[in-house]
Amino acid sequence: MKTIVMNGMGGREMLDYVERPDPVAGPGQALVEIAFAGVNFMDIGVRQGTVWNEMPNPKILGVEGVGRVVADSDGVEGLARGQRVAWVYAPGSYAERIAIPATSLVPVPDAIDDRTAASVMMQGLTASHFATDFYPVQPGEFAFVHAAAGGLGLLLTQIIKLRGGHVIGRVSSDEKVFIAEEVGADHVVVDTEGRFAEQVLRLTGGEGVHVVYDGSGPKTFQSSLDVLRRSGVFCWYGPVLGGPGPLDIMSLPKSIKIGYATFRDHIHTPDLLRARTAQLFDWIADGRLRIRIGGEYPLADAAKAHADMESRRTTGKLLLVP
Ligand SMILES: NC(=O)c1ccc[n+]([C@@H]2O[C@H](COP(=O)([O-])OP(=O)(O)OC[C@H]3O[C@@H](n4cnc5c(N)ncnc54)[C@H](OP(=O)(O)O)[C@@H]3O)[C@@H](O)[C@H]2O)c1
């Protein structure tokens with residue numbers, strides 16, 4: 001089968017489009033023919049060696065996708081041959097086929113097409129975790145969402161709006177403002193240098209926001225602290241774009257609470273995975289959650305997808321087509 005293999009940690013030159021033997025499903029695993037693989041910023045972090053660097057190279061990149069079960073497997077119940085399934089956190093997804101533990105697979109309902117299912121696993125589950133578990137946004141509250149036109153930001157904005165919150169988004173260019181507004185952001189500020197605090201405070205009558213969702217790297221960190229109101233919550237999620245460095249706890253203002261959120265801490269069992277995915281699929285089927293596909297690339301062009309994401313030009317979800 002064709003795959004994208006990463007030969008070592010570093011730049012996009014580490015990615016090779018190569019032939020590899022088909023995977024063989026072991027006990028409890030299903031063999032799946034991949035229809036779309038999701039591109040995530042996390043994949044760039046894996047490539048650069050920032051996250052998931054414990055798996056030796058060379059290895060097949062990618063952790064997310066959708067496809068069809070192609071063979072019956074030992075010890076796998078409830079998954080028929082031909083069944084459409086989606087997954088996240090399954091290493092080896094930039095490929096034509098993958099062997100995955102059946103417990104990591106989510107059946108995809110007929111109402112949800114392949115592209116949509118592949119687009120919602122990582123970013124949808126993350127957005128849902130951020131706005132409902134890490135900080136359950138309440139009606140009328142203000143949330144500040146970084147990278148609001150990105151794959152995660154667009155879904156997070158919509159889930160906060162579904163919960164009755166107000167969203168102030170931050171994007172890096174004027175072209176992205178309309179895209180964030182289109183899904184419901186109430187205000188959008190344009191900034192790349194961390195100089196948004198004054199504007200956000202003005203938009204909240206000087207009080208600041210109840211919650212900040214920031215995974216945008218060291219440049220935004222201090223201003224994100226500055227826009228929190230008393231007892232506000234800082235949801236930090238950006239290991240790939242870098243952290244603020246060591247923090248002096250006594251420098252944290254206004255009794256704020258701060259934490260590093262990852263959805264796997266809360267959505268950590270197969271039942272939870274299926275329940276939370278089913279909720280996302282319901283919202284999509286009802287028209288309450290809209291998916292924006294920002295780009296589709298042949299599997300062979302995975303390095304170009306990475307380049308586009310790293311250039312900050314992309315919006316919404318990027319997909320690879322094996
Ligand atoms: N903790 C978790 O569980 C979890 C799960 C999923 C994703 N994440 C993190 O969430 C972030 C977004 O991931 P994603 O896969 O959903 O991608 P994404 O939001 O579709 O795209 C990345 C966004 O990040 C911004 N960006 C790109 N390059 C940047 C740079 N050099 N410096 C600052 N901002 C930059 C861009 O927004 P602007 O240009 O508008 O700023 C872009 O829209 C990543 O940091 C990822 O690691 C965390």
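Count residues from 1 along the sequence. First listed ligand is number 1; within each ligand, the first listed atom is number 1. Side chains included, hydrogens not; waters and symmetry mates left out as well; all remaining heavy atoms used.
Within a 6.0 Å sphere centred on CD of Glu198, heavy atoms belonging to other residues, nucleotides or ligands number 12 at most.
From the protein, the heavy atom lying nearest to atom 3 (O) of ligand 1 is Thr262 CA, 3.2 Å. Protein heavy atom nearest atom 31 (N) of ligand 1, with residue, atom name and distance: Leu241 CD2, 3.7 Å. Ranking protein heavy atoms by distance to atom 37 (O) of ligand 1, first place goes to Ala147 CB, 3.4 Å. For atom 11 (C) of ligand 1, the closest non-hydrogen atom of the protein is Tyr237 CE1, 3.7 Å. Counting only heavy atoms of the protein, atom 21 (O) of ligand 1 lies nearest to Phe41 CD1, 3.9 Å. Protein heavy atom at the shortest distance from atom 28 (N) of ligand 1 is Arg312 CG, 3.3 Å.
Ionic pairing of Lys304 and Asp308 is present here: one or more N-O contacts between side-chain nitrogen and carboxylate oxygen are shorter than 4.0 angstrom. Salt-bridge annotation for Asp282 and Arg288: absent, with no side-chain N of the basic residue lying under 4.0 Å from a carboxylate O of the acidic one. A salt bridge links Arg68 to Asp114: one of the charged nitrogens lies within less than 4.0 Å of a carboxylate oxygen.
Of all atoms in ligand 1, numbered sequentially from 1 with element shown, those under 4.0 Å from a heavy atom of Gln123 are 14 (P), 15 (O), 16 (O), 17 (O), 20 (O). Of all atoms in ligand 1, numbered sequentially from 1 with element shown, those under 4.0 Å from a heavy atom of Met309 are 17 (O), 20 (O), 27 (C). Using a 4.0 Å cut-off to heavy atoms of Gly150, the atoms of ligand 1 that qualify are 19 (O), 20 (O), 43 (O). Contact atoms of ligand 1 toward Val240: 47 (O) (distance under 4.0 Å to a heavy atom of the residue). Proximity to Gly151 (heavy-atom distance under 4.0 Å) selects the following atoms of ligand 1: 18 (P), 19 (O), 20 (O). If you number the atoms of ligand 1 from 1 as listed, the ones under 4.0 Å from a heavy atom of Leu152 come out as 10 (O), 16 (O), 19 (O). Close contacts of ligand 1 with Ser216, meaning ligand atoms under 4.0 Å from a residue heavy atom, involve 33 (C). For ligand 1, the atoms lying closer than 4.0 Å to a non-hydrogen atom of Val171 are 40 (O).
Aromatic ring orientation, Phe130 versus Tyr237: tilted (interplanar angle from 30° to 60°). Relative ring orientation between Phe144 and Phe196 is described as tilted, the plane-to-plane angle lying within the 30° to 60° band. Ring planes of Trp52 and Tyr89: tilted class, angle from 30 to 60°.
The closest side-chain heavy-atom distance from His266 to Leu272 is not below 4.5 Å. When side chains are defined from C-beta on, Leu203 does not count as touching Phe142, because their heavy atoms never get closer than 4.5 Å.
In this structure, Ala261 counts as a contact residue of ligand 1, since one of its heavy atoms falls inside 4.0 Å of the ligand. Ligand 1 has no atom lying under 4.0 Å from any heavy atom of Lys317. Distances from ligand 1 to the non-hydrogen atoms of Gly316 include at least one value under 4.0 Å. The closest approach between Gly217 and ligand 1 stays at or above 4.0 Å for every heavy atom of the residue.
An N or O contact shorter than 3.5 Å is missing between Tyr89 and ligand 1 by distance.
Taken to the nearest 0.5 Å, the CG atom of Asn53 stands 5.5 Å off from the CE atom of Met9. Summarising the geometry, atom CE belonging to Met121 is positioned 10.5 Å from atom OG1 belonging to Thr126; distances are rounded to the nearest 0.5 Å.
Closest heavy-atom contact between Ile34 and Ser93: CD1-O, 3.5 Å.
Of the listed residues (Ala180, Ser172, Gly215), the one carrying the non-hydrogen atom nearest atom 38 (P) of ligand 1 is Ser172.
Side-chain N/O atoms of Arg276 and Thr132 include a donor and acceptor closer than 3.5 Å.
Proximity of Lys176 to ligand 1, defined as any heavy-atom pair under 4.0 Å, is confined to the side chain (atoms from C-beta onward). At a heavy-atom distance under 4.0 Å, only side-chain atoms of Thr126, from C-beta outward, approach ligand 1.
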